[in-house]
Amino acid sequence: MITGKINVVEGDITQLSVDSIVNAANTSLLGGGGVDGAIHRAAGPGLLAECRGLNGCETGDAKITQGYNLPADWVIHTVGPVWRDGNHGEDALLASCYYRSLELAEQNNIRSIAFPAISTGAYRFPPERAARIAVGTVKQVLEGNTTIDQVIFVCFSQPSYNYHRQAVEDTITNKG
Ligand code: ADP
């Protein structure tokens, strides 16, 4: 059963004491608004300094840094797609963000990981569709042979929370 490994909460991801939080970054990895800005503010300047050495990140890919002043030990920076019309590979790129983040987590012996709703802010991905992709992708990974034992979806609004809860109910709870 993977139900016990997935949690949905409403809150600020910078406050979470997990092995790793995920940042919805941009391709420069040099900071931005939204959750990216909040993570850099909470982590302190060490994070930006390490990010400068990473040479950016492609859309759909992920890179890892330390967590500096955050309660989390690590930050996995992933770059979600900018929503255009749904016909430019947006779904697959978003799924890839979750896959690559979880792959990096496994490679670094991370057992607990918290995700924000990647691409659903400034990048305008429809939030219900994004929640279904997020939950579906995490489910696939957790069903495989993985060392990850806790995945938390950290939602920044009540609607986002509801979309994720519904997606968990539809894709996991009702189907085992
Ligand atoms: P993107 O550019 O990928 O759309 P944003 O940061 O603009 O990234 O938004 C991604 C999601 O993160 C949005 O749902 C936004 O409401 C949410 N968010 C913003 N700040 C935080 C935070 N401190 N903790 C968790 N989620 C956050």
Side-chain angles (χ1 to χ4, degrees), residues 1-16 18 20-27 29 31-39 42 57-63 72 75-106 110 112-144 146 148-176:
M1 280 293 283
I2 65 169
T3 322
K5 295 186 178 180
I6 295 186
N7 276 286
V8 183
V9 302
E10 191 179 340
D12 176 357
I13 201 167
T14 65
Q15 308 290 311
L16 263 75
V18 285
S20 182
I21 62 171
V22 175
N23 181 16
N26 56 51
T27 53
L29 295 186
V35 71
D36 195 2
I39 288 171
C57 182
E58 290 189 5
T59 303
D61 201 0
K63 294 196 175 175
V75 180
I76 292 173
H77 307 260
T78 188
V79 182
V82 176
W83 177 263
R84 291 166 72 182
D85 56 6
N87 296 316
H88 291 82
E90 293 95 329
D91 289 353
L93 286 166
L94 185 63
S96 173
C97 289
Y98 287 88
Y99 272 125
R100 284 288 301 132
S101 295
L102 291 166
E103 201 168 74
L104 269 184
E106 288 187 358
I110 286 161
S112 58
I113 182 168
F115 284 96
I118 299 162
S119 281
T120 66
Y123 285 1
R124 303 182 315 275
F125 204 108
E128 184 174 8
R129 180 167 174 151
R132 275 188 266 113
I133 292 166
V135 171
T137 308
V138 165
K139 175 185 185 240
Q140 273 189 33
V141 172
L142 290 181
E143 280 173 348
T146 180
I148 294 166
D149 56 25
Q150 199 189 15
V151 176
I152 306 173
F153 293 104
V154 186
C155 305
F156 209 52
S157 71
Q158 176 98 52
S160 178
Y161 173 83
N162 290 338
Y163 292 137
H164 287 81
R165 286 298 301 249
Q166 191 64 51
V168 169
E169 208 165 292
D170 294 346
T171 41
I172 298 169
T173 316
N174 294 340
K175 293 175 186 154

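The analysis underlying the following values was restricted to heavy atoms, covering all of them including side chains, and did not include hydrogens, waters or symmetry mates. Quick caveat, the model's predicted, so the values are computed rather than measured.
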Could you give the distance from [atom1] ([X]) to [atom2] ([Y]), rounded to the nearest 0.5 Å?
X	Y	atom1	atom2	answer
Ile13	Cys155	CD1	SG	9.5 Å
Ser119	Ile133	OG	CD1	9.5 Å
Asn23	Ile39	CG	CD1	4.0 Å
Asn7	Ser112	CG	OG	11.0 Å

Listed pairs under 3.5 Å, donor-acceptor, residues 123-131 side chains, sequence neighbours left out:
from: Arg124; atom 1: NH2; to: Trp83; atom 2: O; distance (Å): 3.3
from: Arg129; atom 1: NE; to: Asp91; atom 2: OD1; distance (Å): 3.0
from: Arg129; atom 1: NH2; to: Asp91; atom 2: OD1; distance (Å): 3.3
from: Arg129; atom 1: NH2; to: Asp91; atom 2: OD2; distance (Å): 2.9

Looking only at heavy atoms, what is the nearest atom pair of [X] and [Y], with distance?
X	Y	result
Gly11	Val154	O-CG1, 3.4 Å
Ala114	Val18	CB-CG2, 4.1 Å
Ala25	Asp36	CA-OD2, 3.7 Å
Glu90	Arg84	OE2-N, 3.0 Å
Ile118	Gly80	CG2-CA, 3.8 Å
Asn26	Gly31	ND2-O, 3.2 Å

Are any of the side-chain heavy atoms of [X] and [Y] separated by less than 4.5 Å?
X	Y	result
Val135	Arg132	no
Val141	Glu106	yes
Val22	Pro116	yes
Phe153	Val9	no
Thr27	Cys57	no
Lys63	Leu29	yes
Ile152	Ile113	no

### Query
Just by distance, do the side chain of Ser96 and the backbone of Ala92 share a donor-acceptor pair under 3.5 Å?
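Absent.
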### Message
Please evaluate residues Asp61 and Val79 with respect to the criterion side-chain contact (heavy atoms from CB on, under 4.5 Å), reporting the C-alpha separation (whole Å), side-chain torsions for both, the decisive distance (0.1 Å), and the verdict.
### Response
CA-CA 6 Å; Asp61 201 0; Val79 182; over 6 Å; no
Report the residues that fulfil side-chain contact (heavy atoms from CB on, under 4.5 Å) with [X], sequence neighbours left out, ordered by chain and then residue number.
X	value
Ala117	Thr120, Ser160, His164
Gln15	Asp12
Leu142	Ile2, Lys5, Ile6, Val138, Thr146, Ile148, Val151

### Task
Kindly indicate, with the supporting measurements, whether the criterion side-chain contact (heavy atoms from CB on, under 4.5 Å) is fulfilled by Arg100 and Ile76.
CA-CA 9 Å; Arg100 284 288 301 132; Ile76 292 173; over 6 Å; no
### Message
Holding to ring pair (Phe, Tyr, Trp, His ring centres under 6.0 Å), I want the full list of residues that pass it with Phe115, two or more places apart in sequence or in another chain.
### Response
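So Phe115 forms a ring pair (Phe, Tyr, Trp, His ring centres under 6.0 Å) with Tyr98.
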### Query
Listed by chain and number, what are the ring pair (Phe, Tyr, Trp, His ring centres under 6.0 Å) partners of His77, not counting sequence neighbours?
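His77 satisfies ring pair (Phe, Tyr, Trp, His ring centres under 6.0 Å) with no residue once adjacent residues are dropped.
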### Message
Can a side-chain donor-acceptor contact be found between Asn162 and Gln166 if the only test is distance below 3.5 angstrom?
### Response
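Judged by distance alone, the side chains do not pair up.
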#### Entry: Ion pair check, Arg165 and Glu169, cut-off under 4.0 Å
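Looking at Glu169 together with Arg165, the answer is no, because their closest N to O distance does not fall below 4.0 Å.
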